[in-house]
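Let me begin by presenting the structure, written as structure tokens, before commenting on it.
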Protein chains: 2
Amino acid sequence: MPALPEDAADRHVARWRGHWVLENQPYDDTVEAVVTRMGSIMRHLRDHKKSAAVSVGLESHEYETLHALMIRDTPGTASPTTLADELGLSPAGMSGRLESMERSGYVRRTTDPGDRRRLGVEATAEGIDLWRRTMAARGSEEERILGSLTAREQATLSRLLKRIALDIEAGPTVADGQRTRSTRPSSQTGPSDS
Amino acid sequence: MPALPEDAADRHVARWRGHWVLENQPYDDTVEAVVTRMGSIMRHLRDHKKSAAVSVGLESHEYETLHALMIRDTPGTASPTTLADELGLSPAGMSGRLESMERSGYVRRTTDPGDRRRLGVEATAEGIDLWRRTMAARGSEEERILGSLTAREQATLSRLLKRIALDIEAGPTVADGQRTRSTRPSSQTGPSDS
DNA sequence: GACGAATAGTTCGTCAGCGAAGTATCTTCA
DNA sequence: TGAAGATACTTCGCTGACGAACTATTCGTC
């Protein structure tokens with residue numbers, strides 16, 4: 001494996017090491033670099049997705065909404081509440097979003113005759129079209145950037161990330177506000193949690 | 001290597017596969033899983049950081065600002081413009097944030113006698129204290145979750161991510177709107193790119 | 001030295017999102 | 001049958017952020 005040139009994360013780590021202030025907490029270059037790199041990769045993908053949406057005339061939150069609507073088991077239709085949950089939005093936020101998207105004609109709210117509290121949200125033909133065009137404009141930037149790795153390397157990466165993800169999912173489900181201590185992970189490496 | 005149980009990303013991938021709509025674009029499970037996992041790891045870290053800040057009485061954006069102020073080469077002081085750049089904020093946003101943080105007493109704006117257009121931003125003693133306490137409350141969740149991996153595995157992960165990050169940094173710097181095709185990566189590997 | 005361009009911040013109008021409170025509808029159960 | 005309570009969504013007031021326009025200062029150049 002050839003030595004790789006410096007990346008932004010390396011520079012970040014070098015810069016930060018000197019400013020570490022928690023005496024009882026070690027500063028771990030590798031950990032810091034990993035987190036920084038994941039951050040910049042995700043930011044890149046987010047920016048890319050956003051510009052794809054904008055190039056088609058959609059705000060990125062509108063694209064997200066259409067997307068959530070389209071990739072579900074009953075494509076193109078859902079209740080505002082479900083949608084809000086999936087998008088991590090408050091009910092109020094969802095109302096606002098649907099309102100504006102309905103005005104733009106991307107979406108339609110329908111009433112449920114069986115239960116008049118309930119609404120249905122459907123993507124309109126135009127909404128679906130714009131969603132598809134955004135998908136196409138997006139191309140698969142994800143595949144492009146992961147293309148720097150071989151299939152084997154991708155698999156390794158995926159497995160390592162999965163171990164971390166599983167650890168998080170097993171965790172205390174972060175709960176609200178209060179930081180409950182995790183189901184101490186397999187430990188072996190005292191997370192030295194403060 | 002033992003078979004790992006299913007994680008949320010596995011479920012996401014399985015669910016999404018059926019809804020893939022770009023005929024000319026293959027659907028790559030591994031890529032999708034990698035991106036999903038990085039997303040949930042980063043989200044977890046973000047939530048954790050936020051709740052640490054809140055537990056100390058800081059809004060998460062206030063913590064970010066103090067953090068940017070503290071980890072720089074001249075700790076505790078910077079110009080609004082620099083700060084805005086580092087935080088990815090518009091000048092207007094920065095003004096607002098400083099305004100409210102100054103009202104809260106976390107930060108102080110000072111005038112530069114040499115150039116009266118310029119300001120300096122300094123963290124106050126209270127701001128520094130709250131920042132440190134947030135750092136402590138944060139503990140190192142990053143280290144805790146990466147603790148699921150051995151040092152060797154962490155190094156592997158870091159290297160793989162670095163390859164991707166370098167590819168992105170080398171890229172067309174995403175520019176605005178238009179999707180320019182990257183300096184085709186070293187290629188060699190249309191990997192499993194199915 | 002003085003006027004035009006550049007630079008540093010601020011103000012203004014707007015928008016998406018939040019939490020809390022409100023409205024309408026349905027469910028439960030005495 | 002008819003409250004009391006639960007559920008589904010909306011409205012309201014507020015906040016943080018944005019882009020565009022504005023103010024104040026300094027730099028460059030003739």
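Just so it is clear: chains get the letters A, B, ... in the order the sequence lines come, proteins before strands, and each one is counted from 1. Keep in mind the model is a prediction, meaning the values are calculated, not measured.
Both A/R116 and A/L89 sit near DNA chain C, but only A/L89 has its closest nucleotide nearer the 5' end.
A side-chain donor-acceptor contact under 3.5 Å links B/E153 to the backbone of B/T150.
In this structure, A/G120 reaches neither bases nor backbone, as no heavy-atom distance under 4.0 Å exists between it and the strands shown. Using a 4.0 Å heavy-atom criterion, one finds that A/P91 contacts the bases of the nucleic acid, with or without backbone contacts as well. Here B/S79 lies in heavy-atom contact (under 4.0 Å) with sugar-phosphate atoms only.
To the nearest angstrom, P of D/dC18 lies 10 Å from CG of B/L87. Distance CZ (B/R103) to P (D/dG16): 8 Å, rounded to an integer number of Å. The distance from atom CG of A/D115 to atom P of C/dT25 is 10 Å, rounded to the nearest whole Å. Taking atom CD of B/E59 as the reference point, atom C1' of C/dC18 lies 11 Å away to the nearest angstrom. The distance between atom CZ of B/R118 and atom P of D/dT26, rounded to the nearest whole Å, is 10 Å. Per the geometry, CD belonging to B/E62 stands 12 Å off C1' belonging to D/dT15, to the nearest Å. In this structure, CG of B/L83 is placed 10 Å from P of C/dG9, rounded to the nearest angstrom. In this structure, A/E99 places its CD atom 7 Å from P of D/dT11, rounding to the nearest Å.
When each of A/H61, A/M94, A/E64 is tested with A/L89 by the rule side-chain contact (heavy atoms from CB on, under 4.5 Å), just one qualifies, namely A/M94.
Phosphate contact (OP1/OP2 of C/dT10, side-chain N/O of B/R109, threshold under 4.0 Å): present.
One N or O donor and one acceptor, one from the side chain of B/R117 and one from the base of C/dT7, sit under 3.5 Å apart.
Checking D/dG19, D/dT11, D/dA8 against the side-chain heavy atoms of A/T81 singles out D/dA8 as nearest.
Put simply, CG on B/L58 and OH on B/Y63 are 9.5 Å apart, with the number rounded to the nearest 0.5 Å.
Other residues, nucleotides and ligands contribute only 12 or fewer heavy atoms inside 6.0 Å of the CZ atom of A/R152. Annotation for B/K162: atom NZ counts as buried by contact number, over 12 foreign heavy atoms lying within 6.0 Å.
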